[in-house]
Amino acid sequence: MDHSRAPVLEALRRYHERAFVPFNAPGHKQGRGIDPRVLDVVGKDVFRSDVLTPNGLDTRRVTNSVLQDAQDLMADAVGADKAFFSTCGSSLSVKSAMLSVAGPGEKILVVRHAHKSVIAGLIISGVDPVWVHPRWDTERHLSHPPGPEDVRAAFQAEPEAKGMLMVTPTDYGTCGDITAIAEVCHEFDRPLIVDEAWGAHLPFHSDLPPWAMYCGADLCVTSVHKMGAAVEQSSVFHLQGDRVDPNVLKMREDLLGTTSASALVYLGLDGWRRQMVEHGKELLGAALSLVHSVRADTDQIAGLHVVGDEIVGPELASSLDPLKVIVDVLALGINGYQAADWLREERRVTVGLSDHRRIVAQFTHADDQETASAFLRAMQDLAGSAESLPAPPRVDLPSPGELELRTEVLPRDAFFGETEQVPVAKAVGRIAAEMITPYPPGAPAVLPGEVINKALLDYLRSGLAAGMYIPDAIDSELKSVRVLVR
């Protein structure tokens, strides 16, 4: 296929050249109606590019196949049979993928450290999850994708399960053995869905962890806005083989997706695909070379440790994306939340993830020596200023067994059941009716339908005191919890 083309961008250029006068949505009419104070910040070109596909980029009946051509090019670029653009992020894509495999009352294997969007899909659909627990690194309090033996055991215990959903890479960049897990799924003639939101860049350089489509996955979801180059909410889900019906997948996406998708998302996806096909190996190669030196230089700073190969191996991760720079700040006497806040306020450097002992900085092909130097200077300054920061409160870390709550009720039934808000002291032993999610990474610690234990509540409440962010609990201070009425 001709990857020098970018059908969405070409269509937008034609739209501007032909100087259409719109009397349809969006109502700002190419930015004419936008408050000048908004234009002073954002610029008019953003709104000039905000065009619908039907009767905008394409004809009223989309006879020019602008979007379909762009999706076909994307599929070809990454070795998939079909690709679907999503404008509501991978939160929508992963729901569409999951609901294409299992329906109400049916079972699906789901890794327990899945993103809250997966749990939302379970709640909406009534699909019955069979939890596959991740590999726990108790020394570092990290979870990694499960191994093939875990998936095989789950299918043997629940042979009626319709498929498997795994997450790789994780927010920390740790990856599972997709090839081995796909082989297990296919032994049972079941599809493998990979939530590969952090892996949109993986097909374009051989020194990165393996890409799901090359490893035999049936369906995978990517967030191009994360490790690629597109505006927020830009996602693609990719399909190969015949275990998932593409017509069913499109129907599920149509059920959940918007009917008013902006070209801003489509054009970003289209342009990024062309850039990666033409220059991805060179751009990502430069990024990998840059981050190699950043990792080494950061690791030399007193009090900092860059986490690397020690989390790869048997019963741990299968591989690690080096573009995710995991920095352990424990030896500085501070926690990751303090480090992230200090970097933002004092050095205007932001990082993607922080926890009780680490921060995670993501590098992409957009970084260069200037941004790398800014990061290194900020990390040196952080190390030099750490003594001035207060000693952080202790976080009560539960054991893996204490993290694995028992499911008593389907997530959907608990979420929509009769509920009450009870003081936290009375929540132990009760069935949760809400999600409680440290964010990022966005994997719920408590799910609707699970039996709450004291260790997990102690972890979350001490985490809040130490700087953890929990956006979805009804009581943001966790003085009370939403539970099912007995």
Side-chain angles (χ1 to χ4, degrees), residues 1-18 20 26 30 43 45-59 61-93 96 196-205 211 213 220-240 246 249-250 253-254 257-284 364-366:
M1 300 182 74
D2 182 5
H3 282 281
S4 68
R5 293 195 58 220
V8 179
L9 287 160
E10 293 161 9
L12 182 63
R13 182 185 295 276
R14 289 194 299 269
Y15 183 88
H16 288 155
E17 288 173 347
R18 297 182 67 185
F20 282 100
Q30 296 287 279
D45 284 344
V46 171
F47 298 97
R48 288 189 72 239
S49 300
D50 183 28
V51 181
L52 291 174
T53 300
N55 214 11
L57 294 180
D58 211 327
T59 65
R61 301 179 66 185
V62 295
T63 53
N64 292 329
S65 302
V66 170
L67 180 58
Q68 188 58 58
D69 288 351
Q71 292 177 149
D72 290 345
L73 283 162
M74 179 68 80
D76 184 70
V78 300
D81 294 340
K82 292 184 179 296
F84 301 83
F85 289 177
S86 167
T87 60
C88 296
S90 290
S91 293
L92 180 143
S93 301
S96 302
E196 208 166 24
W198 285 102
H201 59 312
L202 299 183
F204 300 108
H205 202 286
W211 162 241
M213 290 285 97
C220 79
V221 169
T222 61
S223 292
V224 178
H225 62 93
K226 287 180 173 164
M227 295 297 288
V231 296
E232 284 295 315
Q233 299 180 221
S234 303
S235 173
V236 185
F237 44 108
H238 308 276
L239 176 68
Q240 67 179 351
L249 181 59
K250 184 66 180 72
E253 189 277 335
D254 190 60
T258 179
T259 58
S260 304
S262 171
L264 287 168
V265 172
Y266 292 156
L267 65 87
L269 292 169
D270 200 23
W272 175 78
R273 180 269 314 157
R274 180 173 62 181
Q275 180 186 32
M276 284 296 103
V277 171
E278 294 181 342
H279 307 294
K281 185 176 181 179
E282 171 192 350
L283 291 170
L284 289 167
T364 72
H365 69 282

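- Judged by distance alone, the side chain of Q71 and the main-chain N or O of F84 form no donor-acceptor pair under 3.5 Å.
- Taking 4.5 Å as the limit, every side-chain heavy atom of S93 sits out of range of all side-chain heavy atoms of V236.
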_Pair S86, S235 - check side chain to side chain donor-acceptor pair (under 3.5 Å), show working._
CA-CA 5 Å; S86 167; S235 173; 4.5 Å; no
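- With sequence neighbours left out, T59 forms a side chain to side chain donor-acceptor pair (under 3.5 Å) with T63.
- Between the side chains of T53 and D58, no donor-acceptor pair is found at a separation under 3.5 Å.
- Atoms CZ and CG, from R13 and L267 in turn, are 12.0 Å apart once rounded to the nearest 0.5 Å.
- The two residues A230 and G268 come nearest to each other via the heavy atoms CB-C, 4.1 Å.
- Between F20 and Y15, the ring-plane angle classifies as parallel under the 30° and 60° cut-offs.
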*For H365 and F204, what are the C-alpha separation, side-chain angles and deciding distance, and is it a side chain to side chain contact (heavy atoms under 4.5 Å, CB included)?*
CA-CA 11 Å; H365 69 282; F204 300 108; over 6 Å; no
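- Taking OG from S49 and CD from Q30, the interatomic distance works out to 8.0 Å, rounded to the nearest 0.5 Å.
- You'll find the side chain of T364 stays beyond 4.5 Å of the side chain of K226, heavy atoms only.
- Listed here is the closest heavy atom pair of S234 and H225: O-CD2, 3.3 Å.
- In this structure, W211 contributes its side chain and V78 its backbone to a donor-acceptor pair below 3.5 Å.
- With R274 contributing its side chain and S4 its backbone, the two residues share a donor-acceptor pair below 3.5 Å.
- To the nearest 0.5 Å, the span separating CE on M213 from CG on L202 amounts to 12.0 Å.
- No side-chain heavy atom of V265 sits less than 4.5 Å from a side-chain heavy atom of F85.
- Considering all non-hydrogen atoms of both residues, G257 and L92 come closest at CA-CD1, 3.2 Å.
- The shortest heavy-atom contact between A6 and R273 is CA-NH2, 3.8 Å.
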*asked:* For a side chain to side chain contact (heavy atoms under 4.5 Å, CB included) check, start with the C-alpha distance between D81 and L239, then their side-chain angles and the critical distance, and finish with the verdict.
replied: CA-CA 6 Å; D81 294 340; L239 176 68; 5.6 Å; no
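- Nearest heavy atom pair, residue V224 against residue A200, reads CA-CB, 4.0 Å.
- Summarising the geometry of L264 relative to V46, their closest heavy-atom pair is CD2-O, 3.7 Å, with the distance given to 0.1 Å.
- In this structure, the side chains of H238 and T222 come closer than 4.5 Å at one or more pairs of heavy atoms.
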*Audit row: L57, R14, side chain to side chain contact (heavy atoms under 4.5 Å, CB included) steps and yes/no*: CA-CA 8 Å; L57 294 180; R14 289 194 299 269; over 6 Å; no
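- With rounding to the nearest 0.5 Å, the separation of CG in L249 from NZ in K82 is 10.0 Å.
- For the atom pair CE of M276 and CE of M74, the computed distance is 10.5 Å after rounding to the nearest 0.5 Å.
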*asked:* Under the criterion side chain to side chain contact (heavy atoms under 4.5 Å, CB included), I'd like the reasoning laid out for V66 against E10: C-alpha separation, chi angles, the key distance, then a yes or no.
replied: CA-CA 9 Å; V66 170; E10 293 161 9; over 6 Å; no
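- The one candidate from M227, H279, H205 that meets the side chain to side chain contact (heavy atoms under 4.5 Å, CB included) condition with L284 is H205.
- In terms of the ring-ring contact (aromatic ring centres under 6.0 Å, His included) criterion, Y266 has no residue partners (sequence neighbours excluded).
- Counting only distance, with no hydrogens or angles, the side chain of D270 and the backbone of V8 share a donor-acceptor pair below 3.5 Å.
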